[in-house]
Structure formats: C-alpha cells, structure tokens
Amino acid sequence: MKLFIDTANIEEIKKINELGIISGVTTNPSLISKEKAILIDSIREISKLIEGPVSAEVTSDTAEGMVKEGKELSKINKNVVIKIPMSEEGLKAVKILNSESVKTNVTLVFSAMQALLAARAGATFVSPFIGRIDDTGNDSINVISDIVEIFKKHNISTEIISASIRSPKNVLDAARVGSNIATVPYKTLIQMISHPLTHIGIEKFNKDNKK
Ligand code: G3P
C-alpha cells in the first residue's frame, strides 16, 4: 500500500518528504483554509515539492463549473489530480475530465456502490472516508474491503485511497484489506514511526556501547 500525506501544510510536506515514505499529497478546502492559504497558490507550491499525484478539490456545484475549475487547476502542473465530490454533477464532471485525460479523485465516498459509480464514470482514484464512516457507527473496513473485492473481480483499474484516517490502526486496517493507498495526516505518520520497545532498545544499545 502506498502512503500519501493528507495536509496543505508546506512544512509538514517538506519534513515527511525527507523520510522517503510518501508518494502523493491530498488536500481539501478545509485543510487549505486551516493554513489560511489560497487554493491555487497552495497547489502550485505543493505540486513542485512532490513528484507524485497532488489532489486539488473543486468547489463548484455544477458539472460545468467543476470542469472549468478542474481544467484551470490541472494547468498548474502535470501531477495535479482534480478532486471531485461524489454527486450526479460530480460524476458528469469526471466523465468529461476523463475524456480530456485529466485525472480525477472522487471524494466523500461512503459506500461501495458510490465507489463503483465513480470508477465507471472514469475516476482515476476514489476516496472512501474511513474515520467519518466509523463516526456513524458503521464499519469502514467492510466498505473498503467490498470496494477492493469489487474492483478486483471486475478488473477495475481505479485506485482506492483510504482517506479520513485518524490513527495508525486505521492505516493497518486499510493495508490489511488491500487498499491501494492511504492518505494519512502528518501526526499519524509520525505516530507510526514510534514503538516503546524501539526506544528502550536504542537506549540499551547506546548504554552497552559506552561500556
Ligand atoms: O482526506 C479526507 C480527510 O481530510 C478528511 O478527514 O478527519 O476531516 O474526516 P476528516
């Protein structure tokens, strides 16, 4: 499973990129507003830092508006992927953008059937939201494993990005059931590095080395 970072914070992207563990970035309007940044400037900077896919979300309600915004954003850099919300208008926009070879990531996916529709419209990626599914009392991992199974059974090449990740356990679950990618917040990626036995082990080796 590949790892993306889910942030619009430039310092976090730079720091995590030094570790060699991430191969893409996802953003959304909430993450960009948290940085008090302008979407287009933020995407320009991030897409220069990272070679892999950088998802930039449209905010229009209509397919026409989404396509217009998507085309503008895709001109920023060849690695920019257009993030489109799951809806009738969103699916229309995905179909048009796909026919013009613009890559898309269908977001706010909460069921396997939504994922199938997104894939059939021509989405490059689909983003089921693990944390928000669990918030409703449902089991996100059933949703992810259904999508994995359906895509495999029907030779669908759309990649699954497990999103709305809140803990290392969410990443473990996504990897176990075969998600192609997990997009993970900075804090969670850092948590994944640590293990108490690693710290104890390093301390002991250092102590013994001094003897
Ligand atoms: O990738 C989507 C993510 O940013 C949403 O996360 O924690 O707001 O559900 P959250």
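Values below: every heavy atom of this structure, side chains too, minus hydrogens, waters and symmetry copies. Just so you know, ligand 1 is whichever comes first in the structure, and atom 1 is the first atom listed for that ligand.
Linking ILVMFWY side-chain heavy atoms closer than 4.5 Å, directly or via other members, places L189 and V25 in a single hydrophobic cluster.
Some N or O of R132 is nearer than 3.5 Å to an N or O of ligand 1, by distance alone. By the 3.5 Å distance cut-off applied to N or O atoms, R166 is counted among the residues near ligand 1.
Remark: the backbone N or O of I38 is not paired with any side-chain donor or acceptor of S42 at under 3.5 angstrom. With hydrogens and angles ignored, the 3.5 Å screen pairs a side-chain donor or acceptor of S74 with a backbone N or O of K71. For the pair E69 (side chain) and S60 (backbone), a donor-acceptor distance under 3.5 Å is present. Of the possible polar contacts, one joining the S111 side chain to the Q114 backbone as a donor-acceptor pair under 3.5 Å is found. Of the possible polar contacts, one joining the D134 side chain to the S140 backbone as a donor-acceptor pair under 3.5 Å is found.
Within the 4.0 Å heavy-atom criterion, neither part of I165 lies near ligand 1.
Counting only heavy atoms of the protein, atom 1 (O) of ligand 1 lies nearest to D6 OD2, 2.9 Å. Of the protein's non-hydrogen atoms, the one nearest atom 6 (O) of ligand 1 is S164 CA, 3.5 Å.
In this structure, T26 does not count as a contact residue of ligand 1, since none of its heavy atoms falls inside 4.0 Å of the ligand.
Near F129, meaning under 4.0 Å from any of its heavy atoms, are these atoms of ligand 1: 2 (C), 5 (C).
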